[in-house]
Structure formats: structure tokens, C-alpha cells
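Remember, it's 1-based here, ligands and their atoms both numbered in the order they're listed. Since this is a predicted model, take the numbers as computed values, not measurements.
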Amino acid sequence: MIPVRVVVVGGGVIGLLTAMECVRAGAQVELVDQAGIPSRLATSHDRHRVVRALHRGDPVLTRAAVRAHAGWLEVERRLGTRFYHQVGALTAMPDERVPAELELLRRAGAAAQELPAGELAARFPRVRFPAGRSAVFEPAAGAVLADRMLAALAGWLRGVPGVRLHPGRRATRVGPAGGVRLDGGSELSGDRVVVAAGPWSRELLPAALGADLTLYRQTMLSYSPIPSRDAWAGTPAIPAFGTPHGAWLMPPVADTPVRLSAASACREVPELTDRVPPDHWRNQLVDQFRELLVDFDPAAVLGASDGYYLADRAGGGPVLARLGDGAVWAYAACGGMSFKFAPLVARALADRALGRPPHRTGLAPVDQPRELAPTVRPSGGAR
Ligand SMILES: Cc1cc2nc3c(=O)[nH]c(=O)nc-3n(C[C@H](O)[C@H](O)[C@H](O)COP(=O)(O)OP(=O)(O)OC[C@H]3O[C@@H](n4cnc5c(N)ncnc54)[C@H](O)[C@@H]3O)c2cc1C
């Protein structure tokens with residue numbers, strides 16, 4: 001049988017995992033990225049990303065996250081590289097919400113326990129949780145060392161027959177029949193194209209779809225824990241401190257610094273520019289963590305950086321779109337949580353690219369893709 005030829009645009013977590021799924025199913029894959037492979041520009045390229053089950057009040061997403069967790073362990077086994085660190089996740093919330101969220105996790109098959117306010121203070125003396133907060137602790141949750149995983153995945157793809165990687169090549173046009181034009185004028189042709197271009201995807205997709213997407217920019221601090229890293233041993237990821245600003249923390253894992261951010265440090269922006277946070281955004285995070293961490297020292301902030309992602313303007317989540325007759329599939333927007341779900345999303349994208357019945361992810365926008373007329377941007381694309 002003649003193998004399906006798949007061109008993947010984008011070497012972030014979605015593009016690389018989709019390439020892996022396709023080649024494992026016998027396809028020939030060409031993967032192109034405007035930067036390296038893996039790409040340091042990618043939103044996915046960070047020290048770590050949290051993988052946890054609890055999506056408060058949402059049983060469907062919580063069940064999907066349990067499956068995604070298993071998907072990450074499977075990717076780790078395939079790559080033979082350790083990148084998942086089971087540090088646990090602690091989600092603080094008003095006391096009265098805890099029983100319902102524990103029940104949600106129980107029904108999804110995820111282990112969890114309640115930590116009442118008094119126990120929180122005793123177990124995590126460096127953290128000042130707001131009054132009236134208890135927490136749900138998920139022991140199986142953890143951190144994917146993102147940069148390590150992406151490098152291992154790119155290395156795996158490099159060693160597999162049937163895969164050609166094209167780092168440093170920018171796609172400028174995606175044709176409805178499966179052709180991808182690259183800067184310099186050459187063209188890659190495939191039976192199918194998967195566009196997984198992260199926050200840049202509007203440049204390659206029909207303007208009507210781009211208009212439905214919102215670009216977000218989020219500031220994050222890198223922090224060297226005070227008094228010492230050892231004092232933070234055993235600190236889980238804290239996806240929510242239970243503050244109105246939506247503060248969250250990633251602990252030191254392996255050799256990574258602490259990462260600190262908040263929903264309030266995420267804002268809508270018109271375009272992708274630099275990654276240097278304006279002082280205002282950095283300072284508002286410093287002010288929040290001065291309140292939340294007992295030993296917080298602003299001088300120990302190692303740096304701050306901004307990341308970008310696209311989200312559906314209406315629902316705030318991801319967007320999967322089929323262009324024309326199905327030769328082109330675009331993960332047009334990743335929303336703020338596609339890293340965690342990437343093993344499920346990649347399998348669903350590969351299913352569609354290969355013409356297989358798609359696995360259900362539990363993410364409605366992925367299971368019910370948008371269908372778009374095959375209009376494409378003119379050669380050169382929007383900048
Ligand atoms: C601060 C921050 C924190 C986050 N935390 C979490 C979290 O804890 N958990 C979670 O699940 N998610 C989180 N996310 C979201 C998550 O990181 C993203 O959903 C995910 O990484 C998106 O991956 P991607 O592969 O779709 O895009 P990207 O990783 O951005 O990859 C896109 C790739 O496409 C390439 N590309 C773009 N245009 C072209 C072109 N024209 N030609 C060739 N190549 C091109 C780029 O160079 C890039 O390598 C966070 C995001 C941010 C910003």
C-alpha cells in the first residue's frame with residue numbers, strides 16, 4: 001500500500017506529537033518549522049507545564065485530562081526519556097466547593113484528597129493561602145519538563161525512517177489540496193496537511209477563521225526559591241491559590257526554577273511582538289507573590305518572560321478546523337491548556353489526517369471541528 005504523505009507545519013508539542021502518531025501509523029511525514037526543531041520560539045518550549053486532572057465543575061474535561069495523563073506516560077515510555085515528574089497538584093478553593101470537586105475527580109477515576117485550611121498551613125508553611133480556602137490535592141498530577149520532552153521527541157523523529165524534518169523554513173502558504181509553499185519558493189506536497197502553527201496560525205489560515213480567534217499574551221516570573229531549593233522539596237504544583245487574581249505556581253522540578261503567574265497577567269493583544277514583559281505586568285505579579293509566599297524576595301526573581309496563545313473568541317478554548325474537502329486540518333488555536341491535552345489532540349489530528357475514524361478526545365472543539373471553505377491566503381501570507 002502506498003503510504004499517506006502528511007506535511008506538518010509547526011514543531012511545537014502539537015505538531016511533533018502529531019508527526020509521531022502519523023509515522024507510527026505508517027505515513028511519510030514532512031515536518032517544517034520556521035525556527036529549530038524543536039522550536040525555541042514555540043509556546044510549548046518552556047521549562048515545564050502542569051498536567052492535572054481537575055477542571056473545576058467540568059466532568060467532561062476532567063475525564064479527558066485523566067486520559068491525557070495516561071497519554072503522557074505512554075509518550076514517555078515510547079521515547080524512553082524521563083520527563084514526567086509526579087509532584088502532585090494542589091488546587092485551593094472556598095471550603096464549601098471541595099466536596100463537589102472531590103466527587104468530580106472520584107467519578108473520573110483520579111485519586112484526590114481534601115486538605116482543610118489548617119492542614120494546608122501546617123504542610124505548606126511558606127504559602128499564605130487566603131482565608132476560607134481549603135484545597136484538593138491530586139497526588140498523580142505533575143509536571144512535564146517541556147523542553148526536555150520536545151528535544152527527545154524531535155530526536156526520536158530524526159531517527160525514524162519516513163520522517164523528514166525541515167527546521168528554519170517558514171511556510172508562507174497552505175494550498176487547499178495539500179501543498180505547502182516555503183519561504184524561498186520551494187513547495188512541499190502531501191496528501192494531507194496539518195497546520196499546528198500555534199499563535200502564528202492566523203498567518204496561514206483563511207481570514208474569516210482568524211477573525212474568530214483572540215491572541216493572548218501572558219507574563220510569567222522565573223524565581224529562585226528563598227531560602228533554598230531544598231526547602232521547597234515536596235511542594236506540589238499550585239494551579240490555583242484561590243485568589244481573585246488567579247495566581248498559580250510551578251515548583252522547582254529537577255533543575256528548573258519556580259514559575260509564578262496569574263490569570264490577571266494574561267491580556268488580549270492585537271499581534272505577536274516581543275517577549276519582554278512591560279514593568280507593569282511584571283510588577284503586578286511581584287506584588288501578588290509578595291502576599292502569597294512567606295519568604296518571597298523580589299531580588300530573587302531571575303527573570304520574566306511573555307508567552308502567547310490563540311483562543312476561540314467565543315468559547316475561549318481551542319479550535320480545530322477542516323479546510324475544504326479535508327486535505328488540510330488546522331489546530332487553529334490551542335487555548336490556554338493544550339499542552340496537557342496534547343497527546344489526545346495529536347492522536348485526533350493524526351486520525352483525521354490519515355482518514356481513520358477519529359478517537360474522541362472529550363474536548364468538544366476537537367471532536368466537532370469547524371468546516372471552512374477552501375479559501376487560502378495569497379502567497380506570502382499575512383505578516
Ligand atoms: C504562560 C503560559 C502558560 C501555559 N501553561 C499551560 C499549562 O500549564 N498547561 C497547558 O496545558 N497549557 C499551558 N499553556 C498553553 C500551551 O503551552 C499551549 O497550548 C501549547 O504549547 C501550544 O502548542 P502548539 O504546538 O499548538 O503551538 P506552539 O508550541 O506555539 O508551536 C507552534 C510552532 O509552529 C511554528 N510555526 C508558526 N508559524 C509557522 C510557519 N508559518 N512556518 C513554519 N513554522 C511555523 C512555530 O515556530 C512553533 O514552533 C500555557 C501557555 C502560556 C503562554
Side-chain angles (χ1 to χ4, degrees), residues 7-19 31-52 55 61 65 68-69 72 89 141-144 146-147 149-150 153-154 166-174 180-183 188 194-205 215-222 237-239 248-250 259-263 265-266 272 275 277 281 285 304-311 317-320 330-346 349 363 377 380-383:
V7 180
V8 178
V9 179
V13 67
I14 300 292
L16 291 175
L17 281 176
T18 302
L31 188 142
V32 54
D33 199 289
Q34 60 188 352
I37 298 177
S39 158
R40 297 183 70 86
L41 294 181
T43 303
S44 315
H45 199 279
D46 202 342
R47 300 307 308 276
H48 41 19
R49 288 277 185 259
V50 65
V51 173
R52 67 193 157 96
H55 287 71
L61 276 186
H69 179 260
W72 277 116
V144 169
D147 49 3
M149 182 280 297
L150 292 170
L153 188 46
H166 304 269
R169 299 302 304 276
R170 185 168 171 275
T172 56
R173 179 182 186 274
V174 176
V180 174
R181 184 159 310 155
L182 302 182
D183 51 359
L188 295 173
V194 173
V195 178
W200 296 266
S201 73
R202 290 186 297 193
E203 298 176 7
L204 293 168
L205 299 173
L215 183 65
Y216 289 100
R217 176 171 178 161
Q218 180 159 357
T219 300
M220 200 166 36
L221 305 181
S222 291
I238 307 181
W248 55 260
L249 171 151
M250 285 294 291
R259 291 290 169 104
L260 306 171
S261 188
C266 185
L272 219 146
R275 287 163 193 266
W281 295 101
L285 286 175
S305 61
D306 283 355
Y308 294 87
Y309 65 88
L310 281 169
V319 174
L320 174 62
Y331 199 54
C334 66
M337 54 188 187
S338 284
F339 197 100
K340 176 194 331 158
F341 290 114
L344 304 184
V345 173
L349 273 169
L363 308 172
R377 288 199 180 270
R383 293 290 92 82

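Here CZ of R259 is found 9.5 Å from CG of L221. Values are rounded to the nearest 0.5 Å.
The heavy atom nearest to atom 52 (C) of ligand 1, out of those in H48, R49, M220, is found in R49. Comparing heavy-atom distances from atom 28 (P) of ligand 1 across V8, T43, L310 singles out T43 as nearest. For atom 29 (O) of ligand 1, the choice among G12, S44, P38 with the nearest heavy atom turns out to be S44. For atom 40 (C) of ligand 1, the nearest non-hydrogen atom from the set G336, A171, S201, G307 belongs to A171.
The shortest side-chain heavy-atom distance between L61 and F341 falls under the 4.5 Å cut-off. A 4.5 Å side-chain heavy-atom check between F339 and H48 finds every atom pair outside the cut-off. The shortest side-chain heavy-atom distance between R217 and C266 does not fall under the 4.5 Å cut-off. Taking the side chain as every heavy atom from C-beta outward, R49 and T43 approach each other to under 4.5 Å.
Under the 4.0 angstrom criterion for non-hydrogen atoms, A196 is in contact with ligand 1. Residue contact check for ligand 1: R169 places a non-hydrogen atom closer than 4.0 Å to it. Taking a 4.0 Å cut-off on heavy atoms, E203 fails to register as neighbouring ligand 1. Ligand 1 has at least one atom lying under 4.0 Å from a heavy atom of G335.
Counted by atom type alone, Y331 and S338 present one or more donor-acceptor pairs between their side chains at under 3.5 Å.
By the criterion of a heavy-atom distance under 4.0 Å, the side chain of L204, and not its backbone, is placed next to ligand 1. Proximity of W200 to ligand 1, defined as any heavy-atom pair under 4.0 Å, is confined to the side chain (atoms from C-beta onward).
Here is the list of ligand 1 atoms found below 4.0 Å of a heavy atom in V50: 8 (O), 9 (N).
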